[in-house]
Amino acid sequence: IAGAREAGVTQPLINHHFGSKEGLWRAAMDALFERGQPEPVDSDASAAERFLAVTEHLVRFVAARPEVTRVLAREGAIAGPRLQYLIDHYLTYMFRETQALVRASQRAGLISQTVRADLLIFYLLGAGSHLFNVTALARGTLGIDTTSARVVEDFVTLFREVLRGGVFRTPARSTKPVKSAQSVKK
């Protein structure tokens with residue numbers, strides 16, 4: 001009822017259009033996740049180009065709609081019908097396609113076989129969206145305007161370069177874990 005009042009409409013009008021509070025929530029999620037799937041990448045593109053295209057789409061998508069990852073954090077914390085709706089309608093395909101892309105990149109030698117594809121997806125989701133979920137912190141501490149197209153593209157560039165130099169294999173990189181100063185003291 002409070003939501004109807006805030007929107008300047010009556011509860012019966014919301015029920016008429018959406019059927020229920022859950023119907024309204026589903027309609028909101030449908031609008032929120034619209035254009036969430038990346039554009040198809042040229043099949044002739046390299047594994048690196050395909051992987052970067054998908055991750056760059058993720059960053060641009062959550063920059064434009066930071067509430068997506070806020071919804072995922074809230075609804076993803078506890079199993080329930082809302083999370084199941086998101087999984088069934090938006091997330092399963094997106095996550096499985098990304099996982100397949102990570103595995104293809106591993107087969108191509110681009111990403112180490114020691115990296116778990118499923119965990120990398122959550123790493124990318126968190127790293128790619130965090131800046132856009134802490135807009136007041138970014139502005140208040142460093143003056144970053146997360147709504148600026150320039151900032152978004154600079155972040156896409158940063159993300160691409162981190163992937164190229166951090167997740168992607170390079171010949172000079174060791175696969176041995178680095179010991180922390182604390183573990184060396186033990």
Side-chain angles (χ1 to χ4, degrees), residues 2-3 6-7 18 21-41 48-106 111 115-168:
E6 283 181 31
F18 301 104
K21 180 178 163 185
E22 285 305 305
L24 175 61
W25 181 87
R26 285 187 188 108
M29 295 304 101
D30 294 343
L32 181 60
F33 281 87
E34 184 180 42
R35 294 184 302 280
Q37 301 298 329
E39 295 293 319
V41 179
E49 290 167 335
R50 291 191 314 271
F51 190 81
L52 290 172
V54 167
T55 57
E56 290 172 13
H57 171 79
L58 166 72
V59 171
R60 287 185 183 101
F61 180 67
V62 298
R65 297 170 180 222
E67 57 276 16
V68 164
T69 51
R70 294 178 197 139
V71 166
L72 292 179
R74 186 179 61 249
E75 301 300 343
I78 300 172
R82 287 182 169 188
L83 176 60
Q84 196 59 52
Y85 180 84
L86 294 173
I87 289 170
D88 292 345
H89 289 84
Y90 302 104
L91 303 177
T92 296
Y93 176 79
M94 189 183 321
F95 279 47
R96 289 197 177 142
E97 287 297 308
T98 305
Q99 187 175 42
L101 184 57
V102 171
R103 289 185 176 142
S105 297
Q106 288 174 317
I111 298 175
V115 172
R116 282 185 50 182
D118 54 351
L119 297 181
L120 181 56
I121 292 168
F122 283 93
Y123 171 82
L124 295 171
L125 184 61
S129 65
H130 187 69
L131 174 65
F132 307 105
N133 283 314
V134 292
T135 56
L137 175 64
R139 185 180 293 280
T141 57
L142 299 171
I144 300 170
D145 177 5
T146 61
T147 63
S148 157
R150 173 68 189 249
V151 167
V152 172
E153 288 310 307
D154 287 349
F155 195 72
V156 166
T157 299
L158 168 67
F159 208 72
R160 181 184 321 116
E161 294 306 312
V162 167
L163 287 174
R164 283 185 177 146
V167 175
F168 292 176

Asker: Within the 4.5 Å heavy-atom criterion, are L120 and I111 side-chain neighbours or not?
Answerer: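 When only atoms from C-beta onward are counted, I111 and L120 do touch, with a gap below 4.5 Å.
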
Asker: Please table the atom pairs, donor to acceptor, closer than 3.5 Å between any side-chain atom in residues 64-73 and protein atoms at least two apart or in another chain.
Answerer:
| from | atom 1 | to | atom 2 | distance (Å) |
| --- | --- | --- | --- | --- |
| R65 | NH1 | A31 | O | 2.6 |
| R65 | NH1 | L32 | O | 2.5 |
| R65 | NH1 | E34 | O | 3.4 |
| T69 | OG1 | P66 | O | 3.2 |
| T69 | OG1 | N133 | OD1 | 3.2 |
| T69 | OG1 | N133 | ND2 | 2.6 |
| R70 | NE | N133 | OD1 | 3.1 |
| R70 | NH2 | F132 | O | 3.3 |

Asker: Rounded to the nearest 0.5 Å, how far apart are CE of M29 and OH of Y85?
Answerer: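 Here the interatomic distance stands at 9.0 Å.
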
Asker: Could you pull out the closest heavy-atom pair between S129 and L125, with the gap in Å?
Answerer: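 So the minimum-distance heavy-atom pair works out to OG-O, 2.6 Å.
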
Asker: Holding to salt bridge (charged side-chain N to carboxylate O under 4.0 Å, His left out), I want the full list of residues that pass it with D30, two or more places apart in sequence or in another chain.
Answerer: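 D30 satisfies salt bridge (charged side-chain N to carboxylate O under 4.0 Å, His left out) with no residue once adjacent residues are dropped.
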
Asker: Might you confirm whether atom CG of L119 has over 12 heavy atoms from other residues, nucleotides or ligands at distances under 6.0 Å?
Answerer: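 Count over threshold, so yes.
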
Asker: With sequence neighbours left out, write down each residue that passes salt bridge (charged side-chain N to carboxylate O under 4.0 Å, His left out) with R82, or none if nothing qualifies.
Answerer: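 Result, salt bridge (charged side-chain N to carboxylate O under 4.0 Å, His left out) vs R82: E22, E75.
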
Asker: Taking atom OG1 of T55 and atom CZ of R60, what is their separation to the nearest 0.5 Å?
Answerer: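 Rounded to the nearest 0.5 Å, the OG1-CZ separation comes to 9.5 Å.
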
Asker: Suppose we screen for side chain to side chain contact (heavy atoms under 4.5 Å, CB included). Which residues come up paired with I87, at least two apart in sequence or across chains?
Answerer: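 Counting only residues at least two positions away or on another chain, I87 forms a side chain to side chain contact (heavy atoms under 4.5 Å, CB included) with L83, Q84, L91, T92.
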
Asker: Once rounded to the nearest 0.5 Å, what's the spacing between atom CD of Q106 and atom CZ of R116?
Answerer: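 CZ of R116 is found 11.5 Å from CD of Q106.
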
Asker: Can you confirm whether V102 sits close enough to Q99 that some side-chain heavy atom of one is under 4.5 Å from a side-chain heavy atom of the other?
Answerer: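 No, their side chains stay 4.5 Å or more apart.
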
Asker: Quick one: pull up CD in E56 and CZ in F51 and give me the separation to the nearest 0.5 Å.
Answerer: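 That separation rounds to 11.0 Å.
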
Asker: Which value, rounded to the nearest 0.5 Å, describes the distance between L158 atom CG and L163 atom CG?
Answerer: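 Atom-to-atom, L158:CG and L163:CG are 9.5 Å apart.
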
Asker: State, yes or no, whether a side-chain contact exists between F159 and L124 at a heavy-atom distance under 4.5 Å.
Answerer: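 Yes - at least one pair of side-chain heavy atoms lies under 4.5 Å apart.
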
Asker: Could you give the distance from CZ (R139) to OG1 (T147), rounded to the nearest 0.5 Å?
Answerer: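 Answer rounded to 0.5 Å: 6.0 Å.
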
Asker: Report the residues that fulfil side chain to side chain contact (heavy atoms under 4.5 Å, CB included) with T135, sequence neighbours left out, ordered by chain and then residue number.
Answerer: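 T135: side chain to side chain contact (heavy atoms under 4.5 Å, CB included) contacts with T146.
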
Asker: Residues two or more places apart in sequence or in another chain: which of them pass salt bridge (charged side-chain N to carboxylate O under 4.0 Å, His left out) with E49?
Answerer: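 None.
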
